Engineer: 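Submitted below is the structure of interest, expressed as C-alpha coordinates.
Owing to the predicted nature of the structure, the values given are computational and were not obtained by experimental measurement.
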Amino acid sequence: MSFEREDFGLFGPLHLNSIDWENSNHRRSIAASLVQGTYILERDRQEKRQGSQALAPPWWEFFHFKLIRQLVDDADSCVFGAIYEYAPPSSHCNDSIDQSPRYVIAFRGTINKPDSFSRDFSLDIQVIRNGLHQTSRFEIAMKAVQNMVAMVGDSNVWLAGHSLGAAMAMLAGKTIAKTGNFLEAFLFNPPFLSAPIERINYGNVKHGLRFASSVITAGLVLATKGNSQTSQSEDPFFILSAWTPCLFVNPTDHLCSEYIGYFEHRKKMEEIGYGAIERLATQNSLGDLFMSVVRRSAEATEPLHLLPSAYLTVNLTPSQDFKQAHGIQQWWRPDLHLKCNLYKYK
(Lines give C-alpha, C1' and ligand atoms only; values in the text may rest on other atoms or scores of the structure.)
Protein backbone atom coordinates (compact mmCIF):
# COMPACT_ATOMS: atom_id res chain seq x y z
CA MET A 1 0.00 0.00 0.00
CA SER A 2 2.90 2.35 0.76
CA PHE A 3 4.29 1.74 -2.74
CA GLU A 4 0.90 2.47 -4.32
CA ARG A 5 0.70 5.83 -2.54
CA GLU A 6 3.98 6.80 -4.20
CA ASP A 7 2.76 5.91 -7.71
CA PHE A 8 1.22 8.95 -9.40
CA GLY A 9 -0.69 6.79 -11.87
CA LEU A 10 -2.47 5.03 -9.01
CA PHE A 11 -2.82 7.75 -6.42
CA GLY A 12 -2.21 11.15 -8.03
CA PRO A 13 -4.77 13.79 -9.09
CA LEU A 14 -5.23 12.53 -12.65
CA HIS A 15 -8.42 14.59 -12.92
CA LEU A 16 -6.30 17.74 -13.33
CA ASN A 17 -5.56 17.16 -17.00
CA SER A 18 -6.24 20.84 -17.75
CA ILE A 19 -4.80 23.42 -15.39
CA ASP A 20 -6.67 26.58 -14.47
CA TRP A 21 -4.28 28.65 -12.39
CA GLU A 22 -7.12 30.96 -11.34
CA ASN A 23 -8.85 28.01 -9.68
CA SER A 24 -7.85 27.79 -6.01
CA ASN A 25 -8.56 24.04 -5.96
CA HIS A 26 -6.11 23.52 -8.81
CA ARG A 27 -3.43 25.64 -7.15
CA ARG A 28 -3.86 23.75 -3.87
CA SER A 29 -3.78 20.35 -5.53
CA ILE A 30 -0.70 21.12 -7.59
CA ALA A 31 1.19 22.59 -4.64
CA ALA A 32 0.37 19.46 -2.60
CA SER A 33 1.48 17.23 -5.48
CA LEU A 34 4.83 19.01 -5.70
CA VAL A 35 5.32 18.46 -1.97
CA GLN A 36 4.48 14.79 -2.50
CA GLY A 37 7.05 14.71 -5.29
CA THR A 38 9.62 15.95 -2.77
CA TYR A 39 8.70 13.16 -0.36
CA ILE A 40 9.14 10.60 -3.11
CA LEU A 41 12.47 12.06 -4.26
CA GLU A 42 13.81 11.02 -0.86
CA ARG A 43 12.05 7.64 -1.04
CA ASP A 44 13.59 7.05 -4.49
CA ARG A 45 16.99 7.81 -2.99
CA GLN A 46 16.40 5.44 -0.09
CA GLU A 47 15.14 2.63 -2.33
CA LYS A 48 17.83 3.31 -4.98
CA ARG A 49 15.18 3.80 -7.66
CA GLN A 50 16.72 5.57 -10.65
CA GLY A 51 15.86 6.25 -14.26
CA SER A 52 12.65 4.54 -15.36
CA GLN A 53 12.30 2.99 -11.89
CA ALA A 54 12.02 6.38 -10.15
CA LEU A 55 8.50 7.22 -8.97
CA ALA A 56 8.95 10.92 -8.19
CA PRO A 57 9.05 12.62 -11.65
CA PRO A 58 5.37 12.14 -12.62
CA TRP A 59 4.35 14.15 -9.56
CA TRP A 60 5.71 17.32 -11.19
CA GLU A 61 5.94 16.42 -14.88
CA PHE A 62 2.17 15.85 -15.11
CA PHE A 63 1.73 19.57 -14.33
CA HIS A 64 4.52 20.69 -16.68
CA PHE A 65 7.14 21.38 -14.06
CA LYS A 66 10.75 20.33 -14.20
CA LEU A 67 13.06 19.67 -11.29
CA ILE A 68 15.98 22.11 -11.30
CA ARG A 69 17.49 21.41 -7.88
CA GLN A 70 17.22 19.04 -4.94
CA LEU A 71 17.81 20.46 -1.46
CA VAL A 72 20.00 18.05 0.50
CA ASP A 73 20.56 18.01 4.27
CA ASP A 74 24.24 18.24 5.15
CA ALA A 75 23.76 16.04 8.23
CA ASP A 76 22.52 12.84 6.58
CA SER A 77 22.47 13.60 2.83
CA CYS A 78 18.69 13.15 2.64
CA VAL A 79 16.56 15.13 0.19
CA PHE A 80 14.30 17.46 2.18
CA GLY A 81 13.26 19.95 -0.48
CA ALA A 82 13.14 20.66 -4.18
CA ILE A 83 12.98 23.62 -6.54
CA TYR A 84 10.65 23.22 -9.52
CA GLU A 85 10.34 25.41 -12.60
CA TYR A 86 7.05 25.74 -14.46
CA ALA A 87 7.67 25.08 -18.16
CA PRO A 88 4.35 24.51 -19.97
CA PRO A 89 4.50 23.41 -23.61
CA SER A 90 3.20 25.78 -26.27
CA SER A 91 0.29 23.40 -26.91
CA HIS A 92 -1.09 24.43 -23.51
CA CYS A 93 -1.33 28.10 -24.38
CA ASN A 94 -5.09 28.02 -23.69
CA ASP A 95 -4.55 27.16 -20.05
CA SER A 96 -4.78 30.07 -17.63
CA ILE A 97 -1.27 31.10 -16.61
CA ASP A 98 -2.06 34.49 -15.05
CA GLN A 99 -1.59 33.14 -11.53
CA SER A 100 0.94 30.44 -12.31
CA PRO A 101 4.31 30.41 -10.56
CA ARG A 102 7.64 30.41 -12.32
CA TYR A 103 9.25 28.47 -9.50
CA VAL A 104 7.99 26.45 -6.56
CA ILE A 105 10.20 25.58 -3.60
CA ALA A 106 8.68 22.60 -1.79
CA PHE A 107 9.63 21.01 1.53
CA ARG A 108 8.61 17.58 2.74
CA GLY A 109 7.76 16.54 6.28
CA THR A 110 8.98 13.66 8.42
CA ILE A 111 9.51 10.28 6.76
CA ASN A 112 9.14 7.34 9.11
CA LYS A 113 11.97 5.31 7.58
CA PRO A 114 15.39 4.53 9.13
CA ASP A 115 17.43 6.43 6.51
CA SER A 116 15.87 9.79 7.38
CA PHE A 117 13.75 9.45 10.51
CA SER A 118 16.49 10.20 13.04
CA ARG A 119 17.35 13.55 11.45
CA ASP A 120 13.71 14.41 10.73
CA PHE A 121 12.71 13.63 14.31
CA SER A 122 15.50 15.81 15.71
CA LEU A 123 14.13 18.68 13.60
CA ASP A 124 10.60 17.97 14.86
CA ILE A 125 12.01 18.47 18.36
CA GLN A 126 13.59 21.74 17.25
CA VAL A 127 10.18 22.91 16.02
CA ILE A 128 8.73 22.13 19.46
CA ARG A 129 11.63 23.96 21.13
CA ASN A 130 11.23 26.89 18.69
CA GLY A 131 14.78 26.34 17.49
CA LEU A 132 14.24 25.46 13.81
CA HIS A 133 15.93 28.71 12.77
CA GLN A 134 19.18 27.48 14.33
CA THR A 135 19.43 24.25 12.31
CA SER A 136 21.65 23.70 9.29
CA ARG A 137 18.73 22.29 7.27
CA PHE A 138 16.85 25.55 7.63
CA GLU A 139 19.97 27.53 6.74
CA ILE A 140 20.22 25.57 3.48
CA ALA A 141 16.51 26.13 2.79
CA MET A 142 16.66 29.83 3.62
CA LYS A 143 19.65 30.42 1.38
CA ALA A 144 17.88 28.67 -1.51
CA VAL A 145 14.77 30.84 -1.04
CA GLN A 146 16.78 34.06 -0.76
CA ASN A 147 18.81 33.26 -3.86
CA MET A 148 15.71 32.46 -5.90
CA VAL A 149 13.93 35.64 -4.81
CA ALA A 150 17.02 37.71 -5.61
CA MET A 151 17.23 36.09 -9.04
CA VAL A 152 13.60 36.18 -10.23
CA GLY A 153 11.67 38.36 -7.75
CA ASP A 154 9.16 37.50 -5.05
CA SER A 155 6.14 37.44 -7.37
CA ASN A 156 7.63 34.51 -9.29
CA VAL A 157 8.29 32.19 -6.34
CA TRP A 158 5.91 29.97 -4.41
CA LEU A 159 6.63 28.15 -1.17
CA ALA A 160 4.97 24.86 -0.26
CA GLY A 161 5.43 22.43 2.58
CA HIS A 162 3.76 19.76 4.67
CA SER A 163 4.03 19.24 8.45
CA LEU A 164 7.73 19.76 9.30
CA GLY A 165 8.12 21.09 5.75
CA ALA A 166 5.25 23.53 6.36
CA ALA A 167 7.11 24.83 9.43
CA MET A 168 10.20 25.23 7.23
CA ALA A 169 8.25 27.09 4.54
CA MET A 170 6.47 29.25 7.13
CA LEU A 171 9.72 30.32 8.75
CA ALA A 172 11.29 31.06 5.37
CA GLY A 173 8.22 33.03 4.30
CA LYS A 174 8.15 35.04 7.52
CA THR A 175 11.85 35.81 7.22
CA ILE A 176 11.50 36.97 3.62
CA ALA A 177 8.33 38.96 4.42
CA LYS A 178 10.24 41.05 6.96
CA THR A 179 12.36 42.33 4.05
CA GLY A 180 9.25 43.45 2.17
CA ASN A 181 9.03 40.41 -0.14
CA PHE A 182 5.79 38.45 0.10
CA LEU A 183 5.80 34.94 -1.33
CA GLU A 184 2.73 32.91 -2.20
CA ALA A 185 2.80 30.07 0.33
CA PHE A 186 0.87 26.81 0.65
CA LEU A 187 1.30 25.39 4.14
CA PHE A 188 -0.27 21.96 4.62
CA ASN A 189 -0.91 20.74 8.20
CA PRO A 190 1.51 23.26 9.75
CA PRO A 191 2.26 22.44 13.41
CA PHE A 192 0.72 24.71 16.03
CA LEU A 193 2.55 24.43 19.34
CA SER A 194 -0.05 24.68 22.07
CA ALA A 195 -2.58 22.62 23.98
CA PRO A 196 -5.16 21.18 21.51
CA ILE A 197 -8.10 23.20 22.81
CA GLU A 198 -9.82 22.85 19.44
CA ARG A 199 -10.40 19.16 20.22
CA ILE A 200 -12.82 20.11 23.03
CA ASN A 201 -16.44 19.65 21.92
CA TYR A 202 -17.99 22.32 24.16
CA GLY A 203 -17.86 25.80 22.68
CA ASN A 204 -18.20 27.70 25.96
CA VAL A 205 -15.40 25.68 27.53
CA LYS A 206 -13.13 26.35 24.56
CA HIS A 207 -13.86 30.07 24.64
CA GLY A 208 -13.31 30.21 28.40
CA LEU A 209 -9.94 28.46 28.18
CA ARG A 210 -8.79 30.68 25.33
CA PHE A 211 -10.00 33.82 27.11
CA ALA A 212 -8.08 32.85 30.25
CA SER A 213 -4.99 32.04 28.19
CA SER A 214 -5.17 35.42 26.44
CA VAL A 215 -5.44 37.30 29.73
CA ILE A 216 -2.52 35.39 31.26
CA THR A 217 -0.41 35.82 28.13
CA ALA A 218 -1.11 39.55 27.91
CA GLY A 219 -0.29 39.91 31.61
CA LEU A 220 3.03 38.12 31.17
CA VAL A 221 3.87 40.33 28.17
CA LEU A 222 3.31 43.44 30.29
CA ALA A 223 5.30 41.95 33.17
CA THR A 224 8.29 40.93 31.07
CA LYS A 225 8.34 43.60 28.38
CA GLY A 226 6.63 46.54 30.04
CA ASN A 227 3.89 48.75 28.69
CA SER A 228 6.00 50.49 26.06
CA GLN A 229 3.98 51.65 23.08
CA THR A 230 5.18 50.68 19.62
CA SER A 231 3.94 52.40 16.49
CA GLN A 232 2.50 50.25 13.73
CA SER A 233 5.43 51.11 11.47
CA GLU A 234 7.78 49.61 14.09
CA ASP A 235 5.61 46.67 15.17
CA PRO A 236 7.11 43.50 13.60
CA PHE A 237 3.79 41.65 13.85
CA PHE A 238 1.96 44.43 12.02
CA ILE A 239 4.68 44.61 9.36
CA LEU A 240 4.35 40.86 8.83
CA SER A 241 0.55 41.16 8.50
CA ALA A 242 0.89 42.10 4.83
CA TRP A 243 1.94 38.50 4.15
CA THR A 244 -1.08 36.20 3.80
CA PRO A 245 0.01 32.56 3.46
CA CYS A 246 -2.51 29.85 2.64
CA LEU A 247 -2.91 27.43 5.57
CA PHE A 248 -4.57 24.05 5.10
CA VAL A 249 -5.66 22.28 8.26
CA ASN A 250 -7.82 19.35 9.30
CA PRO A 251 -9.87 19.72 12.51
CA THR A 252 -9.13 16.11 13.51
CA ASP A 253 -5.38 16.62 13.18
CA HIS A 254 -4.37 17.82 16.65
CA LEU A 255 -0.98 18.99 15.35
CA CYS A 256 -2.50 21.79 13.30
CA SER A 257 -6.17 22.13 14.29
CA GLU A 258 -5.49 24.87 16.84
CA TYR A 259 -5.03 27.34 13.98
CA ILE A 260 -8.83 27.24 13.65
CA GLY A 261 -9.34 28.48 17.18
CA TYR A 262 -6.36 30.82 17.04
CA PHE A 263 -7.90 32.95 14.31
CA GLU A 264 -11.54 32.60 15.36
CA HIS A 265 -10.75 33.55 18.96
CA ARG A 266 -9.00 36.71 17.79
CA LYS A 267 -12.11 37.69 15.85
CA LYS A 268 -14.38 36.95 18.83
CA MET A 269 -12.19 38.96 21.23
CA GLU A 270 -12.47 41.97 18.92
CA GLU A 271 -16.24 41.58 18.82
CA ILE A 272 -16.64 41.56 22.61
CA GLY A 273 -14.33 44.52 23.15
CA TYR A 274 -11.14 42.77 24.28
CA GLY A 275 -9.17 43.39 21.11
CA ALA A 276 -6.31 45.16 22.91
CA ILE A 277 -5.70 42.13 25.14
CA GLU A 278 -5.84 39.76 22.21
CA ARG A 279 -3.45 41.85 20.12
CA LEU A 280 -0.85 41.29 22.84
CA ALA A 281 -1.72 37.62 23.29
CA THR A 282 -1.94 36.64 19.63
CA GLN A 283 1.69 37.47 18.88
CA ASN A 284 3.18 35.78 21.95
CA SER A 285 3.50 32.19 23.05
CA LEU A 286 2.58 31.46 26.65
CA GLY A 287 5.25 28.76 26.83
CA ASP A 288 8.01 31.03 25.53
CA LEU A 289 6.96 33.80 27.91
CA PHE A 290 7.09 31.43 30.88
CA MET A 291 10.59 30.35 29.80
CA SER A 292 11.72 33.98 29.58
CA VAL A 293 10.46 34.53 33.14
CA VAL A 294 12.31 31.42 34.35
CA ARG A 295 15.48 32.59 32.62
CA ARG A 296 14.86 36.14 33.88
CA SER A 297 15.29 37.40 30.36
CA ALA A 298 13.28 40.24 28.86
CA GLU A 299 13.52 38.69 25.42
CA ALA A 300 11.44 35.71 24.36
CA THR A 301 12.17 33.95 21.09
CA GLU A 302 9.64 34.85 18.43
CA PRO A 303 7.21 31.92 18.16
CA LEU A 304 7.41 30.24 14.77
CA HIS A 305 3.76 29.21 14.53
CA LEU A 306 2.06 32.53 15.28
CA LEU A 307 0.84 34.49 12.27
CA PRO A 308 -0.88 37.86 11.97
CA SER A 309 -2.71 37.07 8.72
CA ALA A 310 -3.66 33.97 6.78
CA TYR A 311 -6.07 32.50 4.29
CA LEU A 312 -7.26 29.48 6.28
CA THR A 313 -8.76 26.44 4.57
CA VAL A 314 -10.28 23.77 6.81
CA ASN A 315 -10.98 20.29 5.47
CA LEU A 316 -14.33 19.26 6.95
CA THR A 317 -14.39 15.96 5.06
CA PRO A 318 -14.52 13.11 7.63
CA SER A 319 -11.16 11.39 8.23
CA GLN A 320 -10.82 7.75 9.20
CA ASP A 321 -7.87 8.31 11.54
CA PHE A 322 -5.06 10.68 12.47
CA LYS A 323 -2.84 9.42 9.65
CA GLN A 324 -5.42 10.41 7.06
CA ALA A 325 -6.18 13.72 8.80
CA HIS A 326 -2.49 14.65 8.83
CA GLY A 327 -1.58 13.26 5.41
CA ILE A 328 -0.64 15.36 2.38
CA GLN A 329 -2.76 13.08 0.16
CA GLN A 330 -6.06 14.60 1.31
CA TRP A 331 -5.29 17.95 -0.27
CA TRP A 332 -5.56 16.97 -3.94
CA ARG A 333 -8.85 15.07 -3.64
CA PRO A 334 -11.57 16.59 -5.86
CA ASP A 335 -14.45 15.87 -3.46
CA LEU A 336 -13.36 17.82 -0.39
CA HIS A 337 -15.77 19.72 1.86
CA LEU A 338 -13.80 22.87 2.58
CA LYS A 339 -14.39 25.98 4.69
CA CYS A 340 -12.27 28.98 3.76
CA ASN A 341 -11.76 32.27 5.61
CA LEU A 342 -9.42 35.22 5.23
CA TYR A 343 -8.04 36.63 8.49
CA LYS A 344 -6.22 39.96 8.46
CA TYR A 345 -4.44 41.38 11.49
CA LYS A 346 -5.57 44.90 12.37
Side-chain angles (χ1 to χ4, degrees), residues 2 5-6 31-51 53-57 59-60 65-85 103-151 157-176 183 185-191 193 245 255-256 301 304-305 326-329:
S2 176
R5 288 176 179 270
E6 296 173 1
S33 296
L34 295 179
V35 173
Q36 175 74 341
T38 307
Y39 271 107
I40 301 175
L41 272 172
E42 172 57 16
R43 292 292 295 130
D44 281 346
R45 184 192 73 85
Q46 293 176 4
E47 298 295 327
K48 297 180 173 56
R49 299 186 299 230
Q50 299 179 353
Q53 300 300 312
L55 295 179
W59 288 92
W60 58 81
F65 283 86
K66 61 182 180 180
L67 175 68
I68 63 172
R69 182 186 169 192
Q70 299 181 24
L71 301 179
V72 178
D73 195 308
D74 61 351
D76 63 355
S77 299
C78 73
V79 178
F80 71 88
I83 303 178
Y84 304 100
E85 181 181 10
Y103 298 92
V104 178
I105 306 175
F107 303 102
R108 66 165 177 83
T110 302
I111 294 180
N112 190 20
K113 299 293 181 182
D115 287 348
S116 57
F117 179 72
S118 177
R119 174 62 169 165
D120 289 351
F121 183 72
S122 71
L123 288 159
D124 291 333
I125 297 300
Q126 289 299 328
V127 172
I128 295 172
R129 296 177 57 191
N130 201 25
L132 185 62
H133 61 289
Q134 299 173 329
T135 66
S136 61
R137 181 183 289 191
F138 177 71
E139 290 177 3
I140 294 168
M142 193 67 241
K143 192 168 201 180
V145 173
Q146 289 171 328
N147 289 344
M148 189 58 65
V149 170
M151 184 170 64
V157 180
W158 283 11
L159 296 175
H162 173 247
S163 193
L164 170 61
M168 192 88 62
M170 182 183 295
L171 184 53
K174 289 175 74 172
T175 304
I176 287 288
L183 306 183
F186 296 79
L187 310 177
F188 300 99
N189 301 82
L193 308 178
L255 295 180
C256 67
T301 305
L304 163 63
H305 59 287
H326 188 68
I328 185 68
Q329 298 86 2

Engineer: Is any side-chain heavy atom of L71 closer than 4.5 Å to one of T38?
Structural biologist: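 Heavy-atom side-chain distance check fails, nothing below 4.5 Å.
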
Engineer: With rounding to the nearest 0.5 Å, note down the distance linking CE in M148 to NZ in K143.
Structural biologist: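 Those atoms lie 14.0 Å apart.
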
Engineer: Do Q46 and S116 come close enough that some side-chain heavy atom pair is under 4.5 Å?
Structural biologist: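 In contact.
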
Engineer: Measure across A169 and L159 and return the closest heavy-atom pair with its distance rounded to 0.1 Å.
Structural biologist: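 Looking at all heavy atoms of both residues, the closest pair is O-CD1, 3.5 Å.
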
Engineer: Between R49 and E6, does at least one N-O distance fall below 4.0 Å, as a salt bridge requires?
Structural biologist: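 Counted as a salt bridge, because a side-chain N and a carboxylate O are separated by less than 4.0 Å.
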
Engineer: For residues S163 and N189, is any side-chain donor paired with an opposing acceptor at under 3.5 Å?
Structural biologist: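 Judged by distance alone, the side chains do not pair up.
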
Engineer: Pair T110, F117 - check side chain to side chain contact (heavy atoms under 4.5 Å, CB included), show working.
Structural biologist: CA-CA 7 Å; T110 302; F117 179 72; 3.9 Å; yes

Engineer: With a 4.0 Å cut-off, would you call D115 and R43 a salt bridge?
Structural biologist: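 Looking at R43 together with D115, the answer is no, because their closest N to O distance does not fall below 4.0 Å.
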
Engineer: Quick one: pull up CD in Q53 and CG in D44 and give me the separation to the nearest 0.5 Å.
Structural biologist: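 Output value for this atom pair is 10.0 Å.
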
Engineer: Is any side-chain heavy atom of W158 less than 4.5 Å from a side-chain heavy atom of Y103?
Structural biologist: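 Heavy-atom side-chain distance check fails, nothing below 4.5 Å.
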
Engineer: Which word best sums up how the rings of F65 and Y84 line up, parallel for under 30°, tilted for 30 to 60°, or perpendicular for over 60°?
Structural biologist: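 Answer is perpendicular, since the angle exceeds 60°.
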
Engineer: Any heavy-atom pair between the side chains of I140 and F80 that's under 4.5 Å?
Structural biologist: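 F80 reaches I140 side chain to side chain.
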
Engineer: D73 and L123: side chain to side chain contact (heavy atoms under 4.5 Å, CB included), yes or no, with the steps?
Structural biologist: CA-CA 11 Å; D73 195 308; L123 288 159; 4.2 Å; yes

Engineer: How many angstroms lie between CE in M168 and CG in L132, if you round to the nearest 0.5 Å?
Structural biologist: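 Separation between the atoms: 5.0 Å.
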
Engineer: For residues R45 and C78, determine if any side-chain heavy atom of one lies less than 4.5 Å from a side-chain heavy atom of the other.
Structural biologist: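 Yes. Closest side-chain heavy atoms under 4.5 Å.
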
Engineer: Quick one, I176 and M142 - any side-chain contact, counting heavy atoms below 4.5 Å?
Structural biologist: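 Answer yes - side chains close enough.
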
Engineer: I need the minimum non-hydrogen distance between V104 and A160, along with the two atoms involved.
Structural biologist: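 Nearest heavy atoms, V104 then A160: CG1-CB, 4.4 Å.
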
Engineer: Could you give the distance from CD (E139) to CD (Q134), rounded to the nearest 0.5 Å?
Structural biologist: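 These two atoms lie 9.5 Å from each other.
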
Engineer: Is the shortest distance from a Lys or Arg side-chain nitrogen in D120 or R108 to a carboxylate oxygen in the other one below 4.0 Å?
Structural biologist: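 Salt bridge between D120 and R108, a charged N being under 4.0 Å from a carboxylate O: yes.
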
Engineer: How far does NE2 of H162 sit from CD1 of I328, to the nearest 0.5 angstrom?
Structural biologist: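 These two atoms lie 5.0 Å from each other.
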
Engineer: With the side chain counted from C-beta on, respond yes when W59 and I40 share a heavy-atom pair under 4.5 Å apart, and no when they do not.
Structural biologist: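 W59 reaches I40 side chain to side chain.
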
Engineer: Kindly say whether V79 contributes a backbone atom to a donor-acceptor pair with the side chain of Q70 at under 3.5 angstrom?
Structural biologist: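 Judged by distance alone, no pair lies under 3.5 Å.
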
Engineer: Looking at CG of L171 and CG of L304, how far apart are the two atoms once the value is rounded to the nearest 0.5 Å?
Structural biologist: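 Nearest 0.5 Å value for the CG-CG distance: 5.5 Å.
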
Engineer: Which heavy-atom pair separates A144 from I105 by the least distance, and what is that distance?
Structural biologist: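 Result for this residue pair: O-CD1, 4.3 Å.
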
Engineer: Are any of the side-chain heavy atoms of V145 and V157 separated by less than 4.5 Å?
Structural biologist: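 When only atoms from C-beta onward are counted, V157 and V145 do not touch, as no gap falls below 4.5 Å.
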
Engineer: By the salt bridge (charged side-chain N to carboxylate O under 4.0 Å, His left out) test, which pairs, at least two apart or in different chains, include something from residues 158-176?
Structural biologist: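 Counting only pairs at least two positions apart or across chains, the salt bridge (charged side-chain N to carboxylate O under 4.0 Å, His left out) contacts touching residues 158-176 are K174-E302.
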
Engineer: For K66 and W60, work out which heavy atoms get closest and say how close.
Structural biologist: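 Nearest heavy atoms, K66 then W60: CA-CD1, 4.0 Å.
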
Engineer: Answer yes or no: is there an ion pair linking D76 with R119, defined by an N-O contact shorter than 4.0 Å?
Structural biologist: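 Looking at D76 and R119, the cut-off is not met.
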
Engineer: Which atom pair, heavy atoms only, marks the closest approach of L187 to A166?
Structural biologist: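 Smallest heavy-atom distance, with atoms named: CD2-O, 3.8 Å.
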
